[in-house]
Every structure is written in C-alpha cells, then in structure tokens.
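None of these values were measured; they are calculated from a predicted model.
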Amino acid sequence: MLNFAVLFRKSLMALFKAESYRKGIFTSSVFNVASRSIAFVQQWLIMYYFGSNAVTDIYFFVYNITLYVCFFFLNMTTSALVPECIKLRNNVSNGSSMAFMNAFFYMYGAVGLGIVGLMAIDTSWIMGEISSFSQDVIEENMTLIRWCIPLIFLNLLIQLLTETMASYKYFTIPNMVTAINALLGVIFFILFHDELGLPAIVMGLILGCVFNLVDVMYLMKKHLGWDFLNVSFANVKSVLGPGLYSQLGYVVYTIALFLPQYFFSQFSEGSLTAMNYADKLVSIPGVFLILQLTNVMAIKYNNLVSLNDAKGIYDITRKLIFYVPTALLVVSMLIGLSSGWIVNFLFGMGKFTADALALTEDLLLLMVMILPFSFVYEILIRMLNAYKKQNIVLIMHIANYGVMLILFFCFMPKYGALSFPVLRIIPFIIVPFVVLPVIKKYCHEIKIAKLSIVLLGITVVTVVFMALSMKYGIN
C-alpha cells in the first residue's frame with residue numbers, strides 16, 4: 001500500500017506546480033469528477049454490503065456531522081483567511097503570510113482536538129442529545145461512532161493546508177487530496193468489510209487523511225519553503241470580525257443541514273440512509289449542471305459589473321433565467337419520472353429492503369425538483385457578489401435557511417420523511433421574487449416583471465408536478 005502511494009504521488013508530481021487559471025480549472029475539474037465518482041462508489045458499496053438499517057443510519061448521521069463541522073471552518077478559511085493570506089503575501093511579505101496561516105493551523109488543530117476530546121468524554125450522552133436514536137442503537141454502534149470522531153480533527157487541518165496551497169495557484173491539490181482519501185476508503189472497505197464491518201470504511205478514510213496530511217505538509221515544505229514553526233498571531237484579530245460576520249449566514253445554513261438529519265433519526269429504521277442516497281443522486285446534476293455553470297457566470301458578472309454594463313448584465317441574466325431553469329425543470333421531471341428505474345438499477349442488487357427502495361424512490365422523485373430554483377438562487381448570489389453586496393447575500397442566506405428551519409421544525413415531526421423535499425423547496429421558490437427588486441437598485445436595466453413571469457411559470461409547473469406525484473406516484 002505504501003509503495004503504491006509513493007508511486008502514485010510521483011506520477012502526479014508534474015501536477016504539483018503553480019498552474020495558470022485555465023489549467024487549474026481543467027485539472028481541478030478532472031479531480032473533482034474523479035473524487036465524486038469514487039465517493040459515489042463508496043456509498044454504493046455501503047448499500048451493497050449493508051443495505052439500509054440502523055447501522056447505516058448511524059454512519060451517515062455521524063459522518064455528515066463531521067462534514068458539517070469541517071464545512072463550517074472551510075467557509076471561514078475561504079472567505080476570510082485565504083484573502084488575508086494573499087493580501088499579506090502581496091503587500092507585506094511571504095513570511096508574514098506564512099506566519100498568519102500557521103497561527104490558524106495550530107488554532108484549528110486545538111479546536112479539532114477539543115471537539116474530539118469533548119466527544120470522547122461521554123460519547124453516548126452527546127449522541128443521545130444531538131440525535132433521536134435510541135440509547136440501545138447508540139451503544140451497539142459505539143465503535144463506529146468513535147472511529148468517525150478523529151475525522152473532524154484531521155480534515156480541519158487538511159482543508160486549511162490545501163486551501164493555502166490553492167492560494168499559491170496549486171489548484172489541483174484540494175480535489176486530488178479528496179480523491180486519494182475516498183480511494184483509500186474504498187480499498188480498505190473492500191478488503192476488510194467482512195472482518196471489521198462498517199467501521200472499515202472509516203478506518204480507510206482516517207488512513208487517507210493521515211497520508212494526505214503528511215504528504216501536503218511535505219509538498220508545502222518542498223515547493224513553498226514552508227516553515228511550520230514560523231507563527232504569529234499579530235494579524236489574527238483583523239480577520240476574526242469579518243470572518244465571524246461571514247459565518248453568521250453559514251451558521252443558519254449548517255443548522256438547516258443538521259435538523260433534517262435529527263428528524264430522520266426519529267423515523268423508521270433506514271429512513272436516514274434512504275434520504276442520504278436520494279440526496280447524493282440529486283447532487284450529481286446539481287454539481288455538474290449548476291455549480292460549474294454558476295462558477296463560470298460569476299466571472300462573467302464580475303467583468304460586466306467592472307465595466308458598468310447594466311444592459312449586458314440584464315441580457316445574460318434574462319437568457320440564464322429563461323433557458324437554464326426551464327431545461328433543469330425538464331431534467332428534474334425526467335429524473336423524477338425515472339426515479340423508480342434509477343433507484344432499482346443502482347440499489348436493487350444490494351441488501352436494500354423493498355421499503356428502503358420505495359422510500360428512496362419517493363424522496364428522489366420530490367427532492368430533484370429543487371434543481372431549477374437552486375440554480376436561480378446561486379445566480380442571484382453571484383450577481384450580488386459581483387456588486388460587492390455581501391451584506392445582502394448574508395441576509396438572503398439567513399432568510400432562506402431561517403424560513404427553512406422554521407418549516408422543518410413545525411412540520412417534519414408531524415408529516416414525516418416525505419415532507420422534507422416539499423419544505424426544503426419552499427424558501428427557494430420565494431426568495432427570487434423578493435431579491436430581484438433589490439438587485440434592480442444596482443442594475444436598473446433588470447426587467448423584474450419579465451423575469452418574475454418566467455419564475456412563476458416554472459413554480460406552477462413544479463407545484464403541479466409535485467402535487468400529482470404525491471397523489472398518484474408515491475409508493
């Protein structure tokens with residue numbers, strides 16, 4: 001395994017160079033596709049060998065919690081730390097930038113160790129407080145839960161280092177690290193699932209994290225001349241205020257991700273697993289159709305705003321909102337109508353029960369309908385960011401996910417698992433109608449009425465489709 005890892009790293013050394021933006025986008029996209037594909041294989045193997053039950057519910061719950069914690073700190077890193085790192089490098093010195101990031105390396109490490117230590121003190125009690133699993137289920141899966149906890153500490157450090165390298169134009173590193181980690185998880189799981197059970201995949205992920213942490217530290221020392229003992233807290237205070245401000249919206253977003261997990265742990269055994277598989281399937285077109293396009297459009301909007309080209313901004317927005325959500329609506333409906341075939345093709349050969357297959361199919365049928373509205377939401381964010389209206393973006397996030405939280409809290413316990421997709425889509429439908437008049441203050445060429453008519457038409461079709469699906473198409 002070690003020789004393979006060494007050979008694999010040497011074969012990729014040509015990629016470990018500062019890249020142009022064009023090459024960086026291409027290579028990072030390739031590794032992004034690879035890492036997500038491997039991650040999907042990982043999820044599929046869990047389904048194939050273990051099906052959908054209390055054990056898989058526990059795994060997805062705990063693993064998702066580790067992801068939410070790490071994503072919270074990743075947002076802090078990308079929105080506050082990396083810009084300050086680049087600013088210090090360009091305006092002061094590379095050493096000052098290095099000392100600044102090292103300060104957060106040790107701070108993140110301390111926070112990660114603190115979380116691990118806190119969870120280790122009374123894991124059973126904490127799991128009982130943050131989930132609705134019975135105490136018997138928690139005790140039966142204590143080994144799996146405890147193996148997941150170190151992932152928080154390791155991923156906090158790895159994410160900080162890989163984003164630091166990306167700021168030096170090593171764009172490939174973050175996605176390459178994710179691909180290696182997922183690959184080792186799959187290999188370890190295939191080799192040892194009979195002997196170790198589901199903890200085998202977590203052990204593989206930990207092995208991948210340790211390898212990646214050591215490897216990235218070595219690459220930083222070799223290619224960047226990084227000195228991990230060069231530490232200064234002088235500039236830490238300057239980013240805490242803006243950083244914490246940017247995190248306010250992300251706090252609400254993180255809670256909105258967590259609350260459905262909590263409620264699904266109340267539902268019948270295997271429900272949480274079914275929801276996660278449906279969500280993974282929805283994320284595939286979400287990533288490849290929405291994220292890539294909105295990222296490119298962010299650059300376009302920045303250029304048009306810098307030129308003060310209001311007409312150009314409206315023209316591109318009109319085309320995007322007229323054509324892309326319509327196309328995504330068609331794609332969503334096709335996926336929804338094919339949900340039975342898709343779920344049975346992917347998961348029918350494993351240990352999924354008939355009830356788990358039916359629930360996954362129903363959730364996919366409804367959850368996929370969020371795609372058109374998710375695209376519009378992301379485009380509006382890119383527009384506001386181009387106008388440097390991050391304060392409005394923050395309010396938009398808090399309002400969207402705040403309403404979502406209220407809906408989840410009020411209705412999910414009463415109406416069950418299938419209420420989740422309906423409740424999640426409602427804020428995404430409402431927000432564009434509220435935000436467009438705000439954007440018009442900065443882009444006077446925006447024709448609110450024309451855009452609203454298109455959005456209203458898509459909304460009506462979506463509501464009718466979901467209503468008919470719930471009446472006639474739900475198992």
Side-chain angles (χ1 to χ4, degrees), residues 36 39-40 43-44 47 52 56-57 60-61 64 67-68 253 256-268 270-291 325 327-347 352 355-378 400-401 403-405 407-408 411-412 415-431 458-459 461-475:
R36 289 181 181 277
F40 185 81
Q43 307 289 322
W44 186 88
M47 174 280 306
S52 176
T56 57
D57 283 353
F60 282 116
F61 183 89
N64 286 340
L67 289 182
Y68 300 158
Y253 170 70
L257 291 176
F258 165 76
L259 197 59
Q261 305 281 323
Y262 177 84
F263 286 129
F264 267 93
S265 68
Q266 293 179 352
F267 302 149
S268 60
S271 297
L272 181 58
T273 301
M275 187 271 282
N276 274 273
Y277 281 119
D279 191 51
K280 291 290 186 297
L281 291 173
V282 173
S283 71
I284 294 172
V287 169
F288 296 113
L289 298 179
I290 295 176
L291 190 60
L328 286 172
L329 178 62
V330 174
V331 170
S332 299
M333 292 172 68
L334 290 174
I335 293 174
L337 293 171
S338 306
S339 60
W341 180 86
I342 293 171
V343 169
N344 279 281
F345 175 76
L346 291 173
F347 307 132
F352 251 37
D355 288 342
L357 285 170
L359 181 57
T360 307
E361 175 187 337
D362 293 341
L363 286 169
L364 175 61
L365 170 63
L366 298 174
M367 288 171 66
V368 75
M369 298 309 296
I370 201 172
L371 291 179
F373 304 97
S374 179
F375 172 79
V376 174
Y377 186 86
E378 292 297 326
N400 186 70
Y401 293 104
V403 170
M404 194 182 296
L405 276 174
L407 292 173
F408 287 158
F411 297 108
M412 272 193 72
Y415 293 101
L418 293 180
S419 68
F420 167 66
V422 179
L423 300 174
R424 186 173 69 160
I425 200 174
I426 290 173
F428 281 95
I429 291 175
I430 296 171
V431 164
I458 292 171
T459 300
V461 173
T462 300
V463 170
V464 170
F465 180 84
M466 293 181 74
L468 292 175
S469 297
M470 295 182 74
K471 185 173 182 179
Y472 299 109
I474 297 296
N475 291 289

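Between the CG atom of L407 and the CG atom of L423 there is a distance of 5.5 Å, given to the nearest 0.5 Å. Rounded to the nearest 0.5 Å, atoms CG (L337) and OG (S332) are 10.5 Å apart. To the nearest 0.5 Å, atom CZ of residue F408 and atom OH of residue Y401 are 10.0 Å apart. The CD atom of Q266 sits 8.5 Å away from atom CE of M412, with the distance rounded to the nearest 0.5 Å.
Between F267 and F264, the angle of the ring planes goes over 60°, which puts this pair in the perpendicular group of the 30/60° scheme. Ring geometry, Y277 versus F352: the interplanar angle exceeds 60°, so the pair is classed perpendicular (tilted spans 30 to 60°).
Partners of F428 by ring-ring contact (aromatic ring centres under 6.0 Å, His included), not counting sequence neighbours, listed by chain and number: Y377. Partners of T462 according to the side chain to side chain contact (heavy atoms under 4.5 Å, CB included) rule, which considers only residues two or more places apart in sequence or in another chain, are L329, M369, F373, I425, I458, M466. Under the rule for a side chain to side chain contact (heavy atoms under 4.5 Å, CB included), the partners of L346 that lie at least two apart in sequence or sit in another chain are F40, L281, I342.
Of the possible polar contacts, one joining the S283 side chain to the K280 backbone as a donor-acceptor pair under 3.5 Å is found. A side-chain donor-acceptor contact under 3.5 Å links S338 to the backbone of L334. Remark: side-chain polar atoms of T273 are paired, donor with acceptor, to backbone N or O of D57 under 3.5 angstrom. In this structure a side-chain-to-backbone donor-acceptor pair under 3.5 Å is missing from D279 to M275.
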Pair N276-Q261, side chain to side chain contact (heavy atoms under 4.5 Å, CB included): steps then yes or no: CA-CA 9 Å; N276 274 273; Q261 305 281 323; 3.9 Å; yes
How far apart are the C-alpha atoms of D355 and L359, what are their side-chain angles, what is the distance that settles it, and do they pass the side chain to side chain contact (heavy atoms under 4.5 Å, CB included) test? CA-CA 6 Å; D355 288 342; L359 181 57; over 6 Å; no
Please lay out, stage by stage, how Y415 and F420 fare under the test side chain to side chain contact (heavy atoms under 4.5 Å, CB included). CA-CA 9 Å; Y415 293 101; F420 167 66; over 6 Å; no
Run the numbers on V343 and L364 for side chain to side chain contact (heavy atoms under 4.5 Å, CB included), then give the verdict. CA-CA 9 Å; V343 169; L364 175 61; 4.0 Å; yes
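The aromatic ring centroids of Y262 and F61 lie 6.0 Å or more from each other.
Counting heavy atoms from C-beta on, the side chains of P421 and L363 come closer than 4.5 Å.
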